[in-house]
A.B. asks: 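Input: one structure, supplied below.
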Amino acid sequence: MRDAGQSRNEIRISNWATYWTVAPLDMLVAAPLVGRLLLGATPLGRLVQGVGLGMYLGSGLRDWSDRQGVRRIDFRREFGADIGHMKAMPREIREAEVQTLARRLNDEVVLERIPRRELAVAVDRALTRYIAGITGQHVRTSTAVRGFSLVGLAFPFAVGACDLLSGDVVIFRDTGLLEAHVLAHEFSHRKGYWKELHAQVLGYLSLVSSGELVLQQSALLERLHRNLWVLAGDDRATFERLVRGSALRPELTAVLLTLRPSSTGIERRLDTGLRRLYHLRMRLTGQSGISDYDLGFTNFLYTFETTASARQIAPPAGTLHQRPRG
């Protein structure tokens, strides 16, 4: 039997719903439809609907209870940066960072693809270890990942998602060498870090400090990707021109160019409308907005790597800027 001090240094979040055959949100949508089609508006039909909702809420309540003992990272204290507390990276430094990242990725390229199930375990291990290095607590969670969920139809611009109530993670499409970072981002949500900037930062720092080349490469490629979108002003044509002009290896160039496939006029308008709604949702939950994925993320790393107030030391594999000596 473990003592109380030992148990506080390790938290296990059940994530029961992540092991269901059907995604929890899909079941929540399907239960009323199935109940009505097969049983009609009868007491039995309503019971089926109630059971589905009860299972979903029960799983979420159990995870909420498990998370009560989690020690949260104070981002401003540990990294010297947080939402609303970052230095803007000058454009010339951002352009130089792109060149540095491109050279490093070319020199250290690893084209090996690890099966998703195995990759998810490696990513979770790196993320759990990194968070524990700051808080002194290992937060153990599921490593289950889905390849399909109906929620993807509502967010066509997303490559992955995490149901904040159940912790269920789904990857909507293949992102190639970037998949490790996508998983690390969503697993950060699963461990209780709901804000997108925090998930971006924890995903990046955990992978780049992991000591595993495949994971480091994914993190650095994500950093390059987000810098290029900032330089492009979120304009796809400019982004593609910058990617092709970055002198990246063809394999790496292909990954970045396929992240946002070409779309028709109607699809672009739909995508823009949904992005605006998502941006509003982020603003209402105390976040800067959809720019937290790229502008906020890269500015956070720049601030962390150049400030003298951070308690943490930037991982050598990912440090691109010289921190002033205190």
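In this chain, residues are counted from 1 in sequence order.
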A.B. asks: For the pair S59 (side chain) and M55 (backbone), establish whether a donor and an acceptor sit closer than 3.5 Å, ignoring hydrogens and angles.
C.D. replies: no
A.B. asks: Does R94 reach the side chain of N299, with side-chain heavy atoms less than 4.5 Å apart?
C.D. replies: yes
A.B. asks: Under 3.5 Å, is there a donor on one side chain and an acceptor on the other for R190 and T141?
C.D. replies: no
A.B. asks: Restricting to non-hydrogen atoms, name the atom on V214 and the atom on E112 that form the minimum distance, rounded to 0.1 Å.
C.D. replies: CG2-OE1, 4.0 Å
A.B. asks: According to salt bridge (Lys or Arg N to Asp or Glu O under 4.0 Å), who are the partners of R104, at least two apart in sequence or on a separate chain?
C.D. replies: none
A.B. asks: Is it true that a side-chain atom of Y204 and a backbone atom of F297 form a donor plus acceptor pair closer than 3.5 Å?
C.D. replies: no
A.B. asks: Mark yes or no for whether E305, through its side chain, and L320, through its backbone, hold a donor-acceptor pair below 3.5 Å.
C.D. replies: yes
A.B. asks: With no hydrogens and no angle check, just 3.5 Å: does a side-chain donor-acceptor pair link T18 and N15?
C.D. replies: no
A.B. asks: What is the ring orientation for W194 with H189, classed by angle as parallel under 30°, tilted 30 to 60°, or perpendicular over 60°?
C.D. replies: parallel
A.B. asks: Do I11 and R67 have side chains that get closer than 4.5 Å, going by heavy atoms?
C.D. replies: no
A.B. asks: Using the rule given for salt bridge (Lys or Arg N to Asp or Glu O under 4.0 Å), can you reason through R236 versus E240, listing the C-alpha separation, both sets of side-chain angles and the distance that settles it, and then say yes or no?
C.D. replies: CA-CA 6 Å; R236 181 172 179 79; E240 291 180 354; 2.8 Å; yes
A.B. asks: Is it the case that over 12 heavy atoms from other parts of the model lie below 6.0 angstrom from the CH2 atom of W64?
C.D. replies: no
A.B. asks: Do you know the tightest heavy-atom contact between S206 and G203?
C.D. replies: OG-O, 3.0 Å
A.B. asks: Is there side-chain contact between R249 and L111, with at least one heavy-atom pair below 4.5 Å?
C.D. replies: yes
A.B. asks: Has N227 got a side-chain atom pairing as donor or acceptor with R223's backbone, closer than 3.5 angstrom?
C.D. replies: yes
A.B. asks: So, S246 side chain and V243 main chain: donor-acceptor pair closer than 3.5 Å or not?
C.D. replies: yes
A.B. asks: Looking at every non-hydrogen atom in both residues, tell me the closest pair between Y56 and S166 and how far apart they are.
C.D. replies: CE1-CB, 4.1 Å
A.B. asks: What heavy-atom pair brings F79 and Q312 nearest, and what distance separates the two atoms?
C.D. replies: CE2-CG, 3.9 Å
A.B. asks: Any side-chain heavy-atom pair from H138 and N9 closer than 4.5 angstrom?
C.D. replies: no
A.B. asks: For R146, is there an ion pair with D26 - N to carboxylate O distance below 4.0 angstrom?
C.D. replies: no
A.B. asks: State, with a plain yes or no, whether a side-chain heavy atom of E222 is found less than 4.5 Å away from one of H185.
C.D. replies: no
A.B. asks: Give a yes-or-no answer on whether the side chains of K87 and T307 include a donor-acceptor pair shorter than 3.5 Å.
C.D. replies: no
A.B. asks: Determine the minimum heavy-atom distance between T143 and A120, stating which atoms define it.
C.D. replies: O-CB, 3.6 Å
A.B. asks: Donor-acceptor pair, S65 side chain versus L61 backbone, under 3.5 Å?
C.D. replies: no
A.B. asks: Taking the side chain as everything from C-beta on, heavy atoms only, tell me whether L177 gets closer than 4.5 Å to S218.
C.D. replies: no
A.B. asks: Take the angle between the ring planes of F75 and H198 and call it parallel below 30°, perpendicular above 60°, tilted in between.
C.D. replies: parallel
A.B. asks: Pick one: which of D235, T298, D294 meets side chain to side chain contact (heavy atoms under 4.5 Å, CB included) with W229?
C.D. replies: D294
A.B. asks: Give the minimum heavy-atom separation between S149 and A23, together with the two atoms involved.
C.D. replies: OG-CB, 3.8 Å
A.B. asks: Counting only heavy atoms from other residues, nucleotides and ligands, does the tally under 6.0 Å from CZ of R62 exceed 12?
C.D. replies: no
A.B. asks: Return yes if some donor-acceptor pair links the side-chain N/O of Q217 with the main-chain N/O of V110 below 3.5 Å, else return no.
C.D. replies: yes
A.B. asks: To the nearest 0.5 Å, what is the distance between CD1 (I93) and OG1 (T100)?
C.D. replies: 11.0 Å
A.B. asks: Within a strict 4.5 Å, meaning less than it, do heavy atoms of the V201 and Y193 side chains meet?
C.D. replies: no
A.B. asks: Determine yes or no for a side-chain-to-main-chain donor-acceptor pair under 3.5 angstrom, with R311 supplying the side chain and I134 the backbone.
C.D. replies: no
A.B. asks: In plain terms, say whether R226 and E196 are close enough for a salt bridge, that is, a side-chain N and a carboxylate O under 4.0 Å apart.
C.D. replies: no
A.B. asks: Quick one: does R117's side chain have a donor or acceptor within less than 3.5 Å of a partner on V145's backbone?
C.D. replies: no
A.B. asks: Kindly indicate whether the side chain of L221, heavy atoms from C-beta on, has any atom under 4.5 Å from the side chain of L256.
C.D. replies: yes
A.B. asks: Is R77 paired with D82 through a side-chain N to carboxylate O contact shorter than 4.0 Å?
C.D. replies: no
A.B. asks: Give a yes or no answer on whether the side chain of N106 reaches the backbone of A247 with a donor-acceptor pair at less than 3.5 Å.
C.D. replies: yes
